[in-house]
Amino acid sequence: MATVELKNVRKTYPGGFEAVKGVSIDIADGALCVLVGPSGCGKSTLLRMIAGLETITAGDISIDGKVVNAIGPAERDIAMVFQNYALYPHMKVYDNMAYGLRNRGMARDEIDRRVNETAKILELSSLLQRRPRELSGGQRQRVAMGRAIVRSPKVFLFDEPLSNLDAKLRGQMRVEIKNLQRSLGVTSVYVTHDQLEAMTLADKLVVMNAGMVEQVGAPLDVYEKPASTFVASFIGAPPMNLLPVTANGTGLAFADGSAVAGNGFAGGKAAQIGFRPEDVVVGQGDGGLLLDFQTIAVEPVGAESFLHGNAAGSPVIMRVSGRASARPGDSIPISVPEAKLHAFDAAGKRIEPSHT
Amino acid sequence: MTARGTFPHRLLPYLLLAPQLAITLVFFYWPAAQALYQSLLREDPFGLKSRFVGLANFRRVLSEPSYLNSLEVTVIFSVATAVSAMAIALLLATMADKIVKGRGLYRTLMIWPYAVAPAIAGMLWLFLFNPTMGTFAYMLRSTGYNWDPLLNGNQAMVLIIAAAAWKQISYNFLFFVAGLQSIPRTLIEAAAIDGAGETKRFWTIVFPLLAPITFFLLVINTTYAFFDTFGIIHAVTGGGPGKATETLVYKVYNDGFVNLQLGSSAAQSVILMIIVIALTAVQFRYVEKRVHYG
């Protein structure tokens, strides 16, 4: 049980490369915080700094209110699950889980009790005498989790733990991790590049880009009010449609010269108008933004279909439930309700609409 | 599943193997067969005629006290050489693994001793430790230590072990460095988070994971100590003083080519062959089983 606080944390490598450029995050006790971003955004570096595997160039990291900058990984009372699991290949599952406890000088019967209990939770009891190479990917993943859980540390750190699993298993393990984290109530930091994983797991979502935090918030808040075009296109699949606009004296115009309907953004300095694929309505709807959609491709996914095409001179993706009757080449009138429109300024920052 | 190549003609594969087979036959199997044949004969003092004596040569050799002494010398020499060469190489490799800057340079410099021929290596050590002219010998004696490998058998043994191990360290070093690099860094990090200090990590994680390489080097180093150290012994001690450093291989040479007892020498080399075959079989049968991980 612990809080984790990052205060203006920076990491500069000896070569001068700045991987983390001043990050501040507060993680409440028992919360699951997900760091999400594209590769190279500094999320793994940040996690490794919390673990004590990387030195901290500037700023403070505190666990449970205590600054841990100068403390080694062993004394931080954290446990980490690695992307490649990092199981000790020469040890049996039992010994893999017991290793950390033995190093801390725990009594043998207490180790035995804890390992067996953890194995039961993770359904590993029948595998305790196997070596890692005799296990499947999902089982190895479970052992790696077990090794973390058995120590009952203050903080769990997950470094893309599911990215080596196939899609089906990933979905299953995601739910398991979430339930496990809930029931144990251990503060966790989870790093992933998969926005779906981030959305479904997080209590607190931190979107990172180029060593900086783009946005922090509850997953749905981030989804509904992305703070920047980066967040808008990173969170959500398919990503938000972003259409460049320019001021043309009276109001705003799209790339093809057509005027932007709806007054919300007219006076502002909007440079891009965005809307989610699922917010597109076929036909006139209740007004808002009216566009003409030229279908290029149709992707039926089963429960829904994605239509790729062009509108107002920019590529647009729209989602329709069920099967789409449109064919490539069809021209469809579409509309987006005003409440579902997002606007971003020239720097890509969100502009709150000033509805009149 | 392995892909099986097909040859346009049935004889082609044999033809392609022929050069290697010919070399093996002429330089390995023929001499070995000759040794086997010789070991059953006794030659007269003038080398004019020889007669078949069955296993008499073997009986004589095995009951000879100097042969048993030589066996003991070989065991001590081989174990000490292999163990010290591997232990020092592992220590150096672990230290070199931590270096970030100039890694390649260190490694290049470390491999040089391997290029030195055994006899030259022996001479170098002899020059350094020769009681009359050696620099280190002088320094040793000036501390009051009675250093004289020409008279003291134990000191002679230490000297050839040092020379033999020194030459093999660089070879072992290269393999250990490669082995250390193949251990995933996350394993070490996981162990660090699991509360294992550096020494503990080495013995519980790194060393067990190096086991396949250690085993390979054990085979190589034992073979080296048995056979390839002839030049060093010949240059440094010549088997002396008083046969204190006469290994089995050196005794084969001494009896056969110096004392011209061909029958006895051949019997010794046959025994040596059996020892090596047995040693390799034991190593593969019992040691290798325990050292491989997926």
Side-chain angles (χ1 to χ4, degrees), chain A residues 13-15 44 47-54 71-92 95-106 130-136 140 143-144 146-148 150-151 153-157 159-161 164, chain B residues 1 86 90 93-94 96-106 175-176 178-218 283-284 286-294:
Chain A
Y13 282 105
S44 283
L47 189 78
R48 293 169 56 81
M49 285 160 85
I50 300 173
L53 298 172
E54 300 274 355
I71 298 178
E75 286 81 43
R76 291 191 185 191
D77 202 4
I78 45 122
M80 186 154 166
V81 178
F82 291 86
Q83 181 174 359
N84 63 359
Y85 318 134
L87 300 179
Y88 312 123
H90 57 298
M91 294 186 195
K92 290 176 177 154
D95 298 309
N96 261 285
M97 287 163 68
Y99 185 70
L101 303 177
R102 285 189 188 130
N103 287 337
R104 285 173 168 77
M106 193 178 277
R130 299 234 192 128
R131 288 189 202 282
R133 64 149 184 255
E134 297 161 337
L135 303 178
S136 69
R140 286 179 202 188
V143 176
R147 195 170 63 179
V150 77
R151 287 207 358 242
K154 281 186 190 154
V155 181
F156 285 145
L157 304 174
D159 188 8
E160 310 216 12
N164 282 2
Chain B
M1 287 274 288
M86 286 168 66
L90 182 56
T94 321
D97 199 46
K98 289 189 194 136
I99 294 171
V100 183
K101 267 186 188 166
R103 229 177 186 172
L105 182 71
Y106 277 103
F175 277 87
F176 277 131
L180 286 172
Q181 281 182 321
S182 71
I183 296 175
R185 219 160 61 101
T186 48
L187 277 188
I188 310 296
E189 290 171 352
I193 290 175
D194 265 344
E198 200 165 347
T199 317
K200 182 132 202 193
R201 284 204 296 272
F202 180 81
W203 289 113
T204 54
I205 308 288
V206 177
F207 191 69
L209 291 178
L210 281 178
I213 286 172
T214 311
F215 168 69
F216 165 77
L217 288 177
L218 187 68
Q283 282 175 330
F284 275 92
Y286 296 103
V287 189
E288 199 197 32
K289 263 193 186 170
R290 303 159 176 261
V291 296
H292 281 294
Y293 312 108

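Naming convention: chains lettered A, B, ... in sequence-line order (proteins, then strands); numbering from 1 in each chain. Heavy-atom basis, side chains included; hydrogens, waters and symmetry copies ignored.
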Checklist entry - Of all of A/Glu75, A/Arg151, A/Met80, which one pairs up most often with chain B through heavy atoms under 4.5 Å apart? => result A/Arg151

Item to check | Interchain contact, A/Ile78 with chain B, by part (heavy-atom threshold 4.5 Å) | outcome: both

Checklist outcome for this item: Cut-off 4.5 Å, heavy atoms of chain B, and the answer for A/Tyr88 is both

Checklist entry - Is the charged tip of A/Arg104 near the ring of A/Tyr99: under 6.0 Å from the six-membered ring centre and within 45° of its axis? => result no

Next on the checklist: Do the side chains of A/Arg102 and A/Asp95 get close enough for a salt bridge, i.e. N-O under 4.0 angstrom?
Outcome noted: yes

Checklist entry - Checking A/Leu87 against chain B: side chain, backbone, both or neither under 4.5 Å from a heavy atom? => result backbone

Checklist entry - Partners of B/Phe216 by ring pair (Phe, Tyr, Trp, His ring centres under 6.0 Å), sequence neighbours excluded? => result B/Phe175

Next on the checklist: Contact between A/Asn164 and A/Arg140 at the side-chain level, heavy atoms closer than 4.5 Å - yes or no?
Outcome noted: no

Item to check | Qualifying residues under ring pair (Phe, Tyr, Trp, His ring centres under 6.0 Å), relative to B/Phe207, sequence neighbours excluded | outcome: B/Trp203

Next on the checklist: At a 4.5 Å cut-off on heavy atoms, which part of A/Ala79 comes close to chain B: side chain, backbone, both, or neither?
Outcome noted: backbone

Next on the checklist: Report which part of A/Arg76 has an atom under 4.5 Å of a heavy atom belonging to chain B: side chain, backbone, both, or neither.
Outcome noted: neither

